[in-house]
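Single-structure report; data block below.
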Amino acid sequence: MDLTLLGWGDRGWGDEMVFGAMMTLAVAASSYLLGIVIGAGAAAMKLSHWLVLRWLADVYTTIIRGIPELLVIYLVFFGGGALLRTIAKGVFGYGEFIDLPIFITGMICIGLSAGAYSTEVIRGAVLAVPRGQIEAARAVGMGKVLRFRRILVPQVARYALPGLGNVWQLTLKETSLISVIGLVEVMRQATVGAGSTKEPFTFYITAFVLYLGLASISNRGFLRAETWANRGVRTS
Amino acid sequence: MDWELIGESWPVLVAAIPETLVLAISSLAIGFVLAIGIAVLRLSDNRLAWAAAYGYVYVFRSTPLLVQIFLIYYGSGQFRPFFEDIGLWYFLRDPWFCAITALTLNTAAYASEIIRGGIQSVPWGQLEAARACGMSGLLLFRRIIFPIAIRQALPGYGNEIILMVKATSLASTITILEVTGEAKKIIAATWSPVEVFIIAGAIYLAINFAVTRIVQWAEVRLSPQLYRDRPSWFARLTGAGADTAGRSPAISDQLH
């Protein structure tokens, strides 16, 4: 095992690996945010009075949680570009070849998966807010928007935080799958390095350690956020 | 929608189901045994045993399965002369061995936490009663702790089984042609992802549906007292009353 391979600069792969880790973090964070937006929407659908909306959200979470992420990635990777070209041609009359950027493809795939898991988390958190709080808000004359913004959202965020922390850990690990379609994040960078130096163990163990570091640091961040969010809550 | 392609590719994908199932079942079975050991170590008073189990679980849960698979399959190649010397290379060059090893080690980490939760939920009174009857050590674990813990851990373990069925798809990245591997091969050759996705997705959904049903059945079997006054699904389907002939009256009947 040749550790000088991991040096900084032109001679070593250390800086490339760290940039790869940054890319992992960037794609994980954007997929996570997309996932929370999707999750909030799907949770609202699951809690709605309309049977069709509930049914649609159920289909979405069942499919995404029951099918391997890799399969979803292949679907979007091979099918997303064709869909985009059909829309561009049919709606805008644009006939040139266009394709989805690989970052966007990855973000959509991982975001869809994060969305399905956060749907359940957010739905549970909404149900955890006591009904009396909403009634009290209505009694003091708050309108629908104000009730949502002042009463529902802050409490849902607090109840959902531990679950969303788990979703973040899942999302971070799932980004490694995007390497199979060629986004140069830490896993892909390790494969490239392993291929050109014939030292696969050195590179994959580096990726392993980088993931461990990212997961540990972000986990600590989430624990802090939980303490902060619960600072006003009385505990026995 | 290309119906011809669907007609041609579904037999290929269905024929790959055994590969997926072999990966899932073998790694779940070995991983379950390992998980019990790890859970017991995590609950032991020995600081060293606790630290080893904690470290194992922490590391395996904090890193992606894909890295673990690549580390074992490709990473071992870097030390090929060493593994040839000790006779392990025969196994490590085989993608099946590497995939099952990685999946096993991974599920052992997750399952040990589920089992630990189950063991910790065993009420103290049960342990005291068992000790009062003179049980200890392995007998206590086998007769009292383990059966109660498994009952508690079953719903969580059901989720883990589904996650593992999904995780077997990663074996396709190291040349194993299970359902996802075959699907990718067809997609790359035909550029018709939607058709193939529908078939492969339906296969996984069917497997996972069967898993949830089996886990539900096992839950009922392991805690029959909770389901005694409920009619069987067959009785509910046919509209007949609960079949309670020959059994002791249900709790709700005794109360009236």
Requested in this report: Counting only heavy atoms closer than 4.5 Å, note whether B:Ser172 contacts chain A via side chain, backbone, both or neither.
Outcome: side chain
Query - Crowding at CZ, B:Arg221 (>12 non-hydrogen neighbours, <6.0 Å) - result: no
Query raised in the report: Where does B:Ala183 contact chain A at under 4.5 Å (heavy atoms): side chain, backbone, both or neither?
Result: side chain
Query raised in the report: Which bit of B:Ile162 is near chain A, if near means a heavy-atom gap under 4.5 Å: side chain, backbone, both or neither?
Result: side chain
Query raised in the report: So with a 6.0 Å cut-off around CH2 of B:Trp10, is the heavy-atom count from everything else above 12?
Result: no
**Report entry** Close approach to chain B in residues 64-77 of chain A, criterion heavy atom under 4.5 Å
**Finding:** A:Ile64, A:Arg65, A:Gly66, A:Ile67, A:Pro68, A:Glu69, A:Leu70, A:Leu71, A:Val72, A:Tyr74, A:Leu75
**Report entry** Part of A:Ser179 within contact of chain B (heavy atom distance under 4.5 Å)
**Finding:** side chain
Query raised in the report: At a heavy-atom separation under 4.5 Å, does B:Phe79 approach chain A through its side chain, its backbone, both, or neither?
Result: side chain
Query raised in the report: Which bit of A:Glu199 comes within less than 4.5 Å of chain B, counting heavy atoms only: side chain, backbone, both or neither?
Result: both
Report task. Report the option among B:Ile72, B:Leu170, B:Val194 that has the most heavy-atom pairs separated by less than 4.5 Å from atoms of chain A. Result -> B:Leu170
Requested in this report: Flag the pair A:Phe208 / B:Gln68 as yes when at least one side-chain heavy-atom distance between them is below 4.5 Å, and no otherwise.
Outcome: yes
Report task. With a 4.5 Å cut-off on heavy-atom pairs, point out which of B:Gly77, B:Ala167, B:Ser76, B:Gly201 contacts chain A the most. Result -> B:Gly201
Query raised in the report: Just wondering, are more than 12 heavy atoms of other shown residues or ligands nearer than 6.0 Å to CD1 in B:Ile86?
Result: yes
**Report entry** Interface residues of residues 181-196 of chain A facing chain B - heavy atom cut-off under 4.5 Å
**Finding:** A:Met187, A:Thr191
Report summary line: So, the part of B:Ile203 with a heavy atom under 4.5 Å from chain A: the answer is neither
Query - Contact summary for A:Ala215 and B:Ser62, nearest pair of heavy atoms - result: CB-O, 3.6 Å
Query - Heavy-atom contact with chain A under 4.5 Å, split by part of B:Thr173 - result: side chain
Query raised in the report: Within the distance-only criterion (no hydrogens, no angle test), does the side chain of A:Lys173 pair as donor or acceptor with the backbone N or O of B:Leu66 below 3.5 angstrom?
Result: no
Query raised in the report: How far apart are the closest heavy atoms of B:Gln78 and A:Pro200, and which atoms are they?
Result: OE1-N, 3.3 Å
Requested in this report: Can you check whether anything in residues 15-33 of chain A gets within less than 4.5 Å of chain B, heavy-atom wise, and list it by number?
Outcome: none
Report summary line: B:Arg151 meets the side chain to side chain donor-acceptor pair (under 3.5 Å) criterion, sequence neighbours left out, with none
Requested in this report: Measure A:Ile63 against the heavy atoms of chain B and call it side chain, backbone, both or neither at under 4.5 Å.
Outcome: both
Report task. Can you see which heavy atom on A:Phe78 is nearest to which on B:Ala188, and at what distance? Result -> CE2-CA, 4.2 Å
**Report entry** Interface residue of largest heavy-atom contact number with chain B, from A:Val180, A:Leu212, A:Thr175, under 4.5 Å
**Finding:** A:Leu212
